Amino acid sequence: MEVPILKQGPYLIGSVQSALTDKDLLHLRDNLVEKVGRLRSRGVIVDVTAMDVMDSFASRTLSDIAQMIRLRGAETVIVGIQPEVAFTMVQLGLTLQGVTTALDLEGGLTFLDQRTKKRGADGAARAR
Amino acid sequence: MEVPILKQGPYLIGSVQSALTDKDLLHLRDNLVEKVGRLRSRGVIVDVTAMDVMDSFASRTLSDIAQMIRLRGAETVIVGIQPEVAFTMVQLGLTLQGVTTALDLEGGLTFLDQRTKKRGADGAARAR
Amino acid sequence: MKSPRRAFAEVAGSIEHRSPAASKEEPTVPIQSDLDILVARQNGRALAQQLGLSTGDQTVIATVISELARNILLYARPGWMILEVLETDGRKGLRVVARDDGPGIADIERAMQVGYSTSGSLGLGLPGVRRLVDDFEIFSRVGEGTTVTITKWKP
Amino acid sequence: MKSPRRAFAEVAGSIEHRSPAASKEEPTVPIQSDLDILVARQNGRALAQQLGLSTGDQTVIATVISELARNILLYARPGWMILEVLETDGRKGLRVVARDDGPGIADIERAMQVGYSTSGSLGLGLPGVRRLVDDFEIFSRVGEGTTVTITKWKP
Ligand SMILES: Nc1ncnc2c1ncn2[C@@H]1O[C@H](COP(=O)(O)OP(=O)(O)O)[C@@H](O)[C@H]1O
Ligand SMILES: Nc1ncnc2c1ncn2[C@@H]1O[C@H](COP(=O)(O)OP(=O)(O)O)[C@@H](O)[C@H]1O
């Protein structure tokens, strides 16, 4: 299932609607990286509320997305990781090191607003 | 013994009152991970002043708590590790890598205030 | 969330490699594509829910299936996932068997270490799975294949 | 905080496996649940305090007991902890014996390595315990059980 990507002002929001195959996740990655340049977006939110499993592949792909987006000059926030999913990820050793997280869409938007306010109109992203 | 979790403004404070069994610690973990989402907390403090022993299990569980809370978009600070406990932990190789610590409750609150002031009202957490 | 009881066995001997055809009543899901991973873990979650496992444990089962199926896809395709409900001594549990006729693993102990990977991947799969479940067994013979058997007991 | 004297022995031979019943005057705490770990380490701290060990060394004793009891719970339950006060050549010390009839350890040298774990755990317990105490001895025979004996001397 293709993940819809919505443009909301200077941000892109990828809203996962259901469990994803590996190919779906890779499409999401490629689409975000392409769109963030075409639409000159300053931030990206990936909402994973609907993901009931986050295995090593999904976790790695989300990290990759955040790093690729950063190299394109924008910020990424992963939002909506459910409690059971967080529990299982940590037991597996999947900690999304270096990736920003927020509780939900609202938290993600607030974070991006804060971050991008501090920088220029077209923004710039800094490695952590 | 159940560890009481107090809500103080945007923060949760888990205050260990006595030596804990493994099950008590796991309950603390599960309760914090659940509450941080339900109450939209921006930070969590675990006060371990009363813990006279920190073995590999306790140490790992505290790390897990910090990582799970981060995946839910909030910050964690462990406060109150006593000098003898710190000594023994390091000899055992338990260094709470990647986990933020502070001397006491006050130090923990100051840290969280600093961190969350920099970010939006709903906050977001980034791994170090 | 986790029972402290835990069994671990590494078997690398003359045990008969279990044929998937031998277990007739169990649903056997072949793993040949990324879509099969999805189907297998959805089956696993449904069975875990039916058994009355907590949503936390349902997530654990689905994730474990995902990791084991992924290894089959990466290293030993095709393979099979067998899901079964156990009942012994009044205890109920869910068993997952991931089985393949792939190249096998020469050094199992090494494969079980955090960070060891022959595919440039994270090397977290097998040790992580072991941490998530109650019982964990891996049997492998080079040139014949690998069987990983895990059980999650209902508390 | 630590005496420089330190003995280490790995015994894997024909020494008679010590029965907990043989030591009648010593308090033997069975380790079967996580609550027993708590009780054992509180006993240990109390005895260490009685003996006049520093609060630092009391914490060391309690932590060492916790780690050894945890290994029994994870790998070899049930087992026993025996605490005794030693007095030799005018020196006083506290001895902890952790004993089980579990599966034993096949390769002790490996089990003593930092990071080696068969449970996906940290693998810090045994090497860490050795670092914390003055005398450390481990005896294990596969199929019979494991005995770890440590001593902390009063400086
Ligand atoms: N079913 C299998 N068949 C053959 N080799 C396997 C299989 N599963 C795992 N392995 C081997 O074990 C290694 C470790 O696996 P794992 O811990 O899951 O990490 P990763 O998949 O990230 O490499 C793999 O890199 C691979 O060499
Ligand atoms: N009492 C015991 N009986 C059997 N095996 C044991 C026992 N204690 C330790 N072991 C083995 O030694 C390994 C290393 O132990 P340890 O250093 O305490 O680390 P960890 O408990 O984190 O694995 C364990 O993983 C286990 O295989």
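Numbers restart at 1 for each chain; the letters A, B, ... are given by sequence-line order, proteins then strands. Note that the structure is predicted; figures quoted are calculated from it, not measured.
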S.K.: Is the number of heavy atoms from other residues, nucleotides or ligands within 6.0 Å of CD (A/Gln8) greater than 12?
M.R.: no
S.K.: Please say whether more than 12 non-hydrogen atoms of neighbouring residues, nucleotides or ligands are located less than 6.0 Å from NZ in A/Lys7.
M.R.: yes
S.K.: Could you look at A/Met89 and say if it's the side chain, the backbone, both or neither that has a heavy atom under 4.5 Å from chain C?
M.R.: neither
S.K.: For C/Arg70 and A/Asp55, indicate whether the former's side chain and the latter's backbone hold a donor-acceptor pair under 3.5 Å.
M.R.: no
S.K.: Counting C-beta onward and ignoring hydrogens, is there a side-chain heavy-atom pair between C/Val60 and A/Thr88 closer than 4.5 Å?
M.R.: yes
S.K.: Which one of C/Val129, C/Leu132, C/Thr63 satisfies the side chain to side chain contact (heavy atoms under 4.5 Å, CB included) criterion with A/Gln91?
M.R.: C/Leu132
S.K.: Can you tell me how far apart CG (A/Asp22) and CG (C/Leu38) are? Round to the nearest 0.5 Å.
M.R.: 8.5 Å
S.K.: Select one option (side chain, backbone, both, neither) describing which atoms of C/Leu35 are under 4.5 Å from chain A's heavy atoms.
M.R.: both
S.K.: Quick check on C/Leu124 against chain A: is it the side chain, the backbone, both or neither that has a heavy atom closer than 4.5 Å?
M.R.: both
S.K.: Tell me, side chain or backbone of C/Gln42 under 4.5 Å from chain A's heavy atoms, or both, or neither?
M.R.: side chain
S.K.: Grab the two heavy atoms, one from C/Arg41 and one from A/Ala19, that are nearest each other, plus how far apart they are.
M.R.: NH2-CB, 4.3 Å
S.K.: Are side-chain heavy atoms of C/Arg45 and A/Val53 found at a separation under 4.5 Å?
M.R.: yes
S.K.: Applying side-chain contact (heavy atoms from CB on, under 4.5 Å) to C/Ile37 and A/Thr21, what does each step give before you reach the verdict?
M.R.: CA-CA 8 Å; C/Ile37 299 184; A/Thr21 64; over 6 Å; no
